[in-house]
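A note on names: the letters A, B, ... follow the listed sequences, proteins ahead of strands, and every chain is numbered from 1.
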Amino acid sequence: IQDDHKLSTSELEEKYGTSTNKGLSSARAAEILARDGPNSLTPPKATPEIVKFLKQLVGGFSILLWIGAVFSWISFGIQLAQGAESAFDNLYLGVVLALVVILTGIFAYYQEAKSTNIMASFSKMIPQQALVIRDAEKKEVPADQLVVGDIVEIKGGDRIPADIRLIFTQGCKVDNSSLTGESEPQPRSCDFTHENPLETRNIAFYSTTCVEGTATGIVINTGDRTIIGRIASLASGVGNEKTPIAIEIEHFVYLVAGVAISVGVIFFIISISMRYKILDSIIFLIGIIVANVPEGLLATVTVSLSLTAKRMAKKNCLVKNLEAVETLGSTSIICSDKTGTLTQNRMTVAHLWFDNQIYSADTSEDQTTQPFDQSSPSWTALSKIVTLCNRAEFRPGQENLPIMKRVVVGDASETALLKFAEVILGDVMSIRARNKKVAEIPFNSTNKFQLSIHETDDPNDKRFLLVMKGAPERILERCSTIMINGKEEPLDSEKAEAFQTAYMELGGMGERVLGFCHLYLPENEFPDTYSFDTDSMNFPTSNLCFVGLLSMIDPPRSTVPDAVSKCRSAGIKVIMVTGDHPITAKAIAKSVGIISATSETVEDIAKRLNIPVEQVNRREATAAVVNGMELKDMSLQQLDEILCDHSEIVFARTSPQQKLIIVEGCQRQGAVVAVTGDGVNDSPALKKADIGIAMGIAGSDAAKNAADMVLLDDNFASIVTGVEEGRLIFDNLKKTIAYTLTKNIAELCPFLIYIIASIPMPIGTITILFIDLGTDIIPSVALAYEKAESDIMNRRPRNKRKDRLVNEQLAVYSYLQIGIMQSVGAFVTYFTLYAEQGFLPSTLLGVRVDWENNAINDFEDSYGQQWTKYQRTYLQWTGYTAFFVSITIQQVADLIIRKTRRNSIFQQGLFRNKVIWVGIFSQIGIALILTYGLGHVTALNFTPLRFQYWFVAVPFAILIWVYDEVRKLLIRRYPGSWWDKNMYY
Amino acid sequence: GLILLFYLVFYGFLAALFTFTMWVMLQTLSSDIPKYRDRISSPGLMISPKPDTALEFYFNKSDAQSYAEYVSTLRKFLESYDDSKQSENINCTPGRIFDQNDVAVKKACRFNLSELGQCSGKEDKTFGYSKGAPCVLVKMNRIIGLKPEGEPHIQCTSKEEGMVEINYFPSGGFIDLMYFPYYGKTLHAHYLQPLVAVQLAINSNSTKEEIAIECKILGSPNLKNEDDRDKFLGRIAFKVQMTE
């Protein structure tokens, strides 16, 4: 860390070889630019596109399919050398498998790229200009051309173009919130005020904004060497955790691949020991792998996730990383910012006190009137002070906008007062014009008040009106009377007591309180020609008349309390992490329900029981407000205890670095943590979190870069809708996977029975691919549109370790029950077809070798007829088609039963999800096209099929449906029973 | 324990269901005639003997061992055509389809081995292999209900001209219509399919050369012999190579 803030101007000039008047020479600047590089942050190293693509080609099941393809080519080579006629079949199969991998790879890559592109648009920024002195002239140069030693000038509204040591300032304030999280603008001066360069006032940091005033400074750091640059590189150092859904999918891929490989190897050994040729055994192995791998599933999952991502984007959650869609659903702790996320991020008048009474004001987002009683003359007086003693103004040209949406020039409190007055009185600017201002003392930190003197709008009243506002205790000091119901009454101790009580009460609600007083200057002493001098203060500033108090707060967004209670019923803990004062933080936490009405903190209990804080049993307190200062001295163990013991936690006065500690603490509890953030300094925490959520409006680019998700409306409630979508997609992916896995058994069984019983091959490898990548795709995506079975926001978040996407029950139920039923149905069709063509089941057993022998062209069937090889092959293809059709028909039943896991289909509504029906029709449509449209393309092995064979499997399809309804019925009837435990997936 | 029991019951039920469905399905089938015969609308041709290696005959005419297998195959194949086995068969009217639709007990037509002449194995026990004129029997696949039209006959050609002289028994390679239609294994137990013997008198100059022969069924409009994909539909190609 540099010590530039300690150096004097001349030392700085010497150090950087510059001059405060002339600046650098252009030549020198170019030299330094060449040395240091442009003044911009190096974007995080992106993975090269080709690497991303190649990753898609080897991820998931691709390896298995590649193995299948290579085996196919090997057997093609061997068969070709042996001169076998069917050699080319294996070549094609290998090519098809490779194509499947490449196409699904391209698809996944495209999906990934699409969601990344949405984000890329965020980082595009308008090139910034900086006013710099070079060659003794003021010049506008692009900010990225700035170099160390440049003299730059800054004015209110500018973004600070680099780290700057200030050498001249005038009323300069900067908004450091993106760096430190402090929402209050920080004053800047040329004075060295603190050892720590981050705290000293004479340095302004890159990417912060100058709110008001002007300043000139010397650039001391550029690009990645700026403080922000260092934090950004720190964030990229924080490892990205694997998302829960990625872990689940990996688990699932291992499971399926494990089954595929073990079944493959077992049957490889069996076929070898049954004296099949090695080459044949290898071909069986390929078939088993292809049958076992759900080729289309990963693409389907991607599509389902991106559909949800789209749906979430409509609800203002923009998902950067597709997998984050589900992460949000498994979130168990949300660490939320206060300002802007839970609150509206604007000061609003919340309470008034006049006539010895507290009035509440409407703080909602779209207020157009104020309901409190405005009949008292005291209010008239107060409203006048509020209107006049205020420097804030609306930017012109916004007359048609709602008042609350108008842009105001002025600080937060004055803006609040201006809007408040505008809502009640209307057209504040014309009121001010009618009450011409003759003198003014702006607010400063020593006086702690603001004062102005106005002519009155009453033509008969020639008196001047002095109005004043400021810190309540300071204002009260200057008053000798107080207005009650429009009448001035002496300010006795009783009334002062009433004031104190009101002040404490408002302050206790975490609100910023301002006092208002006025004085009509006597006409004889101050005639209308009187010249007021604010320096000599030739007017009274004491013995004024106290009128009232107004308190302001950044009020919670109106949707937040509901969202917080939804989180609560969804078993999600909401922790507030804010840089604000504990009292304010607690007040907001209470008003949005993060701290519920009945729960108490340790301090509350101590106060109630009137005992010291140390004696309170910490476990009795459900809520906790932890100060950043306390957090600093805590051991990790103590932090864990707090996170464990209290269900309602607010962290106040926390630094952004502490946010990271809190996130890590939550993750140690095994929680899936969502973190919201907007500042650059939040980016390490955003990265560390399981899901980082950046604010779309207030968020800095660094935060958006580090986050997995962007909240377009900065609204906490949007997170909750996101959680709901995330949970739904997890449930629906379960259904999709269950649906997809089922038919793998119906595809695998033919191979096993073919090997063991030596029957003619019931289904071809290519045919299997047509199911996996043809008929099944749209239906499995359609399950993503399924509505939730019950209120998913009323159950606890899933346990990462226990609630797996693909659990044992799901695999077993799909594989060993429904899958087997499907196989039986398909085999019945198969045997029926062969029998009706002349090959009774008894004839089929053990015929494989002769059946497949090219030289046998007088193969006898059960009726004494003789078949040539081609006639048999054609019949075999018809068998493939029949088997395919049967699986398709039964997959329709499978699709319908997968709509629900627990409820009856009739409870869920058979027709509510229209997309399912699109799926069913597409499934049957594709099957019809393949069978009758492409039935004459030899390479595809489909043949036009007699129409009745479409119906052979229908009873089995109905059986599947009935069986599953019974299963669900028993699950609902006997929760927790043996059946429930084994049959619910 | 319970889970095993469950699966036992579950699979037991499925097995029973499967068996039952298959049984029902089999009940719907006739034992005499398959429900559909559309996949074999036209018969394939096949030869006997059938060498193991892709229909290629290799033998040495002076080495009995080299063609012993062909001879024994032929002998075995013709056993069922022996007169003693044809006692129940009747003499049918040549040249006419022998329709027995109305008859409950279907009769089989007699096929006299003598029709095969030199290839009947009666005069020449080696079926011409020892003389350099090997016999090959060409037969047409049995298809239930097939009634050939016209005058079907087998005609074989050799690609290489002058290497081989081809003789047919019965002469002209005719397949008599009286052997049709076939009524299936159960109804037509004694049915014998008509044979055409092709004797390939190999020119003495052409020994040691591979002679490609293609036989086709001709003369019948409803017997296909030029299917692109099925190389055995109404035709058959084989190779003969003889050494001395």
Side-chain angles (χ1 to χ4, degrees), chain A residues 83-85 812 816-817 820-821 823-825 827-842 853-879 938 943-944 946 948 952-953 955-956 959 963 978-979 981-983, chain B residues 2-3 6-7 10-11 13-15 17-18 21-22 24-26 28-48 50-55 139-146 182-189 191 193 227-234 236:
Chain A
E85 264 179 56
V812 166
L816 297 186
Q817 296 185 30
I820 297 288
M821 286 165 104
S823 311
V824 171
F827 266 108
V828 167
T829 317
Y830 165 87
F831 281 120
T832 307
L833 177 99
Y834 275 84
E836 293 188 339
Q837 291 287 351
F839 292 93
L840 298 180
S842 49
N853 188 336
N854 282 319
I856 297 181
N857 282 289
D858 50 356
F859 189 94
E860 215 176 293
D861 66 17
S862 315
Y863 293 87
Q865 305 187 95
Q866 292 169 317
W867 297 63
T868 66
K869 173 73 194 328
Y870 184 80
Q871 285 167 339
R872 295 197 302 272
T873 308
Y874 195 79
L875 178 61
Q876 189 176 326
W877 290 344
T878 314
T938 332
T943 66
R946 278 208 164 74
Q948 73 245 34
V952 179
F956 289 88
L959 178 72
Y963 176 67
W978 173 87
W979 184 271
K981 275 186 207 127
N982 283 286
M983 297 293 172
Chain B
L2 202 50
I3 201 96
F6 170 80
Y7 278 103
F10 184 77
Y11 289 141
F13 168 73
L14 283 186
L17 184 71
F18 178 74
T21 344
M22 293 305 282
V24 169
M25 184 269 289
L26 291 176
T28 65
L29 298 180
S30 142
S31 57
D32 305 333
I33 182 166
K35 194 163 179 182
Y36 301 116
R37 277 160 292 143
D38 57 328
R39 290 287 176 263
I40 36 172
S41 52
S42 191
L45 284 195
M46 203 50 201
I47 52 168
S48 180
K50 185 182 77 64
D52 288 341
T53 50
L55 301 179
K139 63 195 176 79
M140 201 167 77
N141 281 349
R142 288 192 295 264
I143 290 174
I144 295 176
L146 177 75
Y182 172 53
Y183 286 99
K185 205 154 83 175
T186 37
L187 292 180
H188 222 161
Y191 178 81
Q193 60 199 122
D227 194 89
D228 284 340
R229 291 182 196 143
D230 195 345
K231 298 279 185 279
F232 292 89
L233 199 67
I236 185 166

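- Interface remark: B:Phe10 contributes side-chain atoms only to the contact with chain A (heavy atom separation under 4.5 Å).
- A:Phe956 is not listed as a side-chain neighbour of B:Phe18, based on a closest heavy-atom distance of 4.5 Å or more.
- Of all the listed residues (B:Arg37, B:Met46, B:Gln193), the one sharing the greatest number of non-hydrogen pairs under 4.5 Å with chain A is B:Met46.
- Within the 4.5 angstrom heavy-atom criterion, only side-chain atoms of A:Tyr963, from C-beta onward, approach chain B.
- You'll find the side chain of A:Gln866 stays beyond 4.5 Å of the side chain of B:Tyr182, heavy atoms only.
- For a residue to count as touching a neighbouring chain, one of its non-hydrogen atoms must lie under 4.5 Å from one of that chain's; by this rule A:Trp978 touches chain B with the side chain only.
- Remark: the backbone N or O of A:Asn857 is paired with a side-chain donor or acceptor of B:Asn141 at under 3.5 angstrom.
- With respect to B:Lys139 and A:Asp858, a salt bridge is recorded, a charged nitrogen being found less than 4.0 Å from a carboxylate O.
- Note: B:Thr21 leads B:Leu187, B:Thr21, B:Leu146, B:Thr28 in heavy-atom pairs under 4.5 Å with chain A.
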*Applying side-chain contact (heavy atoms from CB on, under 4.5 Å), run through A:Val828 and B:Met25 and close with a yes or a no.*
CA-CA 9 Å; A:Val828 167; B:Met25 184 269 289; 6.0 Å; no

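- Heavy atoms of B:Leu26 lying under 4.5 Å from chain A belong exclusively to its side chain.
- The part of A:Asn982 that comes within reach of chain B is its side chain, from C-beta onward, which places non-hydrogen atoms under 4.5 angstrom from that chain.
- A pairwise comparison of heavy atoms in B:Ser30 and A:Tyr863 identifies O-OH, 2.6 Å as the closest pair.
- With a threshold of 4.5 angstrom between heavy atoms, A:Arg946 approaches chain B through side-chain atoms but not through N, CA, C or O.
- Note: A:Trp979 and B:Phe6 have perpendicular aromatic rings, judged against thresholds of 30 and 60 degrees for the angle between ring planes.
- With a threshold of 4.5 angstrom between heavy atoms, A:Pro841 approaches chain B through side-chain atoms but not through N, CA, C or O.
- Proximity to chain A (any heavy atom under 4.5 Å) is shown, for B:Ile3, by both the backbone and the side chain.
- A search for side-chain contact (heavy atoms from CB on, under 4.5 Å) contacts involving A:Ala855 returns A:Asn853, B:Lys50, not counting sequence neighbours.
- By the 4.5 Å heavy-atom criterion applied to side chains, A:Tyr870 and B:Lys231 are not counted as neighbours.
- Side-chain contact check for A:Glu836 versus B:Leu29: some heavy-atom pair is nearer than 4.5 Å.
- Of all the listed residues (A:Glu860, A:Gln837, A:Met821), the one sharing the greatest number of non-hydrogen pairs under 4.5 Å with chain B is A:Gln837.
- There is no contact between B:Ser48 and chain A, counting heavy-atom distances below 4.5 Å.
- With hydrogens and angles ignored, the 3.5 Å screen pairs a side-chain donor or acceptor of A:Gln871 with a backbone N or O of B:Ser42.
- In terms of non-hydrogen atom pairs under 4.5 Å with chain B, the most contact-rich of A:Arg872, A:Gln948, A:Lys869 is A:Gln948.
- Ranked by heavy-atom pairs under 4.5 Å with chain A, the list B:Asp227, B:Asp38, B:Ile236, B:Leu17 is led by B:Asp38.
- Neither the backbone nor the side chain of B:Thr186 comes within less than 4.5 Å of any heavy atom in chain A.
- Interface remark: A:Thr878 contributes side-chain atoms only to the contact with chain B (heavy atom separation under 4.5 Å).
- Within the 4.5 angstrom heavy-atom criterion, only side-chain atoms of A:Leu959, from C-beta onward, approach chain B.
- A cation-pi arrangement is absent between B:Arg39 and A:Tyr874 under the rule of less than 6.0 angstrom and at most 45 degrees off the ring axis.
- Side-chain atoms of A:Leu833 and B:Tyr36, non-hydrogen and from C-beta on, never get closer than 4.5 Å to each other.
- Formation of a donor-acceptor pair under 3.5 Å by the B:Arg142 side chain with backbone atoms of A:Gly864 is found in this model.
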